[in-house]
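For reference, positions follow the sequence shown, starting with 1. Note that the coordinates shown come from a computational prediction; the quantities given were computed from them, not determined experimentally.
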Amino acid sequence: DMFIIAQKDIYRDLYIMPALDECSKLGFETIVSALIFIDTIVQHGGGTDADSFYSIIQKTKQSLGQWQDYSEAIFLDKFLYERSKVLLNPANKETAKEWADSIGRYHALKSILASNNPNLAKNINYIVFGDNYAIAGTTASTAKNIIGFLALFSLSYYFINKTNFV
């Protein structure tokens with residue numbers, strides 16, 4: 001169906017490719033990096049406002065100082081922390097309630113990062129709003145696997161929280 005193809009193309013162009021490009025610019029090569037960046041750009045957008053994906057990256061770099069001296073995992077941990085601050089206190093107050101309600105996304109991504117499974121080769125277990133989820137590990141680090149995992153992650157969040165996804 002042409003409508004579904006168009007949706008996939010837009011999702012790829014607006015979210016997947018910019019997130020993967022940023023991973024590449026930072027020298028990040030793991031699936032968990034892509035997962036965190038894709039989820040963030042979907043929710044926060046790729047614009048230039050204070051709550052955007054790119055703004056969170058800049059805040060992360062500023063807070064780490066010589067950010068290039070840190071591992072990918074440390075950068076991502078700090079990135080998630082900076083994202084949580086935006087979720088709980090956004091510059092755009094119109095998003096405040098929805099984003100505060102979505103803090104479960106942060107907790108789920110934080111637990112996935114802490115699992116020391118950077119390419120999601122092993123089974124993934126995460127909690128969203130108190131409910132446990134498990135997804136079988138991926139066998140290859142491809143964009144298709146990232147998209148599939150993100151879709152499952154995003155859907156579980158959406159149906160548990162029952163708020164607008166973005």
Side-chain angles (χ1 to χ4, degrees), residues 5 7-88 99 102-128 132-158 165-166:
I5 292 170
Q7 285 180 313
K8 288 180 180 179
D9 288 346
I10 291 169
Y11 187 76
R12 181 195 64 230
D13 293 346
L14 289 179
Y15 306 118
I16 303 296
M17 295 314 298
L20 295 179
D21 286 346
E22 198 61 35
C23 283
S24 179
K25 288 177 189 174
L26 294 170
F28 295 172
E29 299 177 345
T30 65
I31 291 177
V32 76
S33 297
L35 171 66
I36 290 169
F37 281 7
I38 292 168
D39 187 70
T40 303
I41 200 169
V42 166
Q43 184 171 27
H44 296 267
T48 59
D49 63 273
D51 298 330
S52 73
F53 168 67
Y54 296 109
S55 178
I56 296 169
I57 287 176
Q58 290 308 313
K59 290 173 188 175
T60 303
K61 288 177 177 179
Q62 289 170 357
S63 68
L64 289 173
Q66 295 290 341
W67 64 269
Q68 301 91 334
D69 294 341
Y70 293 92
S71 70
E72 185 172 332
I74 290 173
F75 185 97
L76 292 171
D77 187 62
K78 187 64 169 177
F79 176 85
L80 286 172
Y81 172 73
E82 294 297 331
R83 181 180 178 190
S84 73
K85 291 181 358 185
V86 170
L87 289 171
L88 295 174
W99 283 7
S102 74
I103 197 70
R105 288 167 83 155
Y106 158 80
H107 291 295
L109 291 167
K110 182 96 168 146
S111 71
I112 291 168
L113 177 63
S115 73
N116 196 26
N117 186 8
N119 285 310
L120 310 182
K122 298 177 265 178
N123 291 346
I124 306 301
N125 298 296
Y126 63 96
I127 299 171
V128 178
N132 293 306
Y133 292 88
I135 298 173
T138 166
T139 57
S141 58
T142 65
K144 187 174 184 178
N145 288 335
I146 295 166
I147 295 166
F149 183 82
L150 180 62
L152 290 171
F153 175 79
S154 299
L155 286 173
S156 66
Y157 167 77
Y158 176 78
F165 178 63
V166 181

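Not a single side-chain contact (heavy atoms from CB on, under 4.5 Å) links T48 to another residue, sequence neighbours left out. Annotation: side-chain contact (heavy atoms from CB on, under 4.5 Å) contacts of S115 (sequence neighbours excluded): N117. Residues satisfying the salt bridge (charged side-chain N to carboxylate O under 4.0 Å, His left out) criterion with D9, sequence neighbours excluded, are R12. Partners of S55 under the side-chain contact (heavy atoms from CB on, under 4.5 Å) rule, at least two apart in sequence or in another chain, are S52, K59. Here T40 pairs with R83 under the side-chain hydrogen bond (donor to acceptor under 3.5 Å, both in side chains) rule; sequence neighbours left out. Scanning for side-chain hydrogen bond (donor to acceptor under 3.5 Å, both in side chains) contacts around K110 gives D77, with sequence neighbours left out. With sequence neighbours left out, D13 forms a side-chain hydrogen bond (donor to acceptor under 3.5 Å, both in side chains) with no residue at all. Taking E72 as the reference, T30, S33 meet the side-chain hydrogen bond (donor to acceptor under 3.5 Å, both in side chains) condition, with sequence neighbours excluded. Listed by chain and residue number, Q68, D69 satisfy the side-chain contact (heavy atoms from CB on, under 4.5 Å) test with Q66 (two or more places apart in sequence, or in another chain).
Here the straight-line distance linking atom CD1 of I38 with atom OH of Y15 works out to 12.0 Å at 0.5 Å rounding. Distance check, rounded to the nearest 0.5 Å: CD1 of I112 to CG of L35 gives 5.5 Å. The CG atom of L80 sits 8.5 Å away from atom OG1 of T60, with the distance rounded to the nearest 0.5 Å.
Contact annotation: the side chain of K61 approaches that of L26 to within less than 4.5 Å [non-hydrogen atoms, C-beta and beyond]. Contact annotation: the side chain of E22 never approaches that of I41 to less than 4.5 Å [non-hydrogen atoms, C-beta and beyond].
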Tell me, with the steps shown, if Y70 and L76 meet side chain to side chain contact (heavy atoms under 4.5 Å, CB included).
-> CA-CA 10 Å; Y70 293 92; L76 292 171; over 6 Å; no
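Looking only at distances, a side-chain donor or acceptor of D49 sits under 3.5 Å from a matching main-chain atom of D51.
Taking both residues in full, the closest heavy atoms of N119 and I31 are given as OD1-N, 3.1 Å, listed atom of the first, atom of the second, then distance. F79 approaches I57 most closely through the heavy-atom pair CE1-CG1, 3.6 Å.
Pairs passing the ring pair (Phe, Tyr, Trp, His ring centres under 6.0 Å) check and including a residue from residues 47-66, sequence neighbours excluded, read F37-F53.
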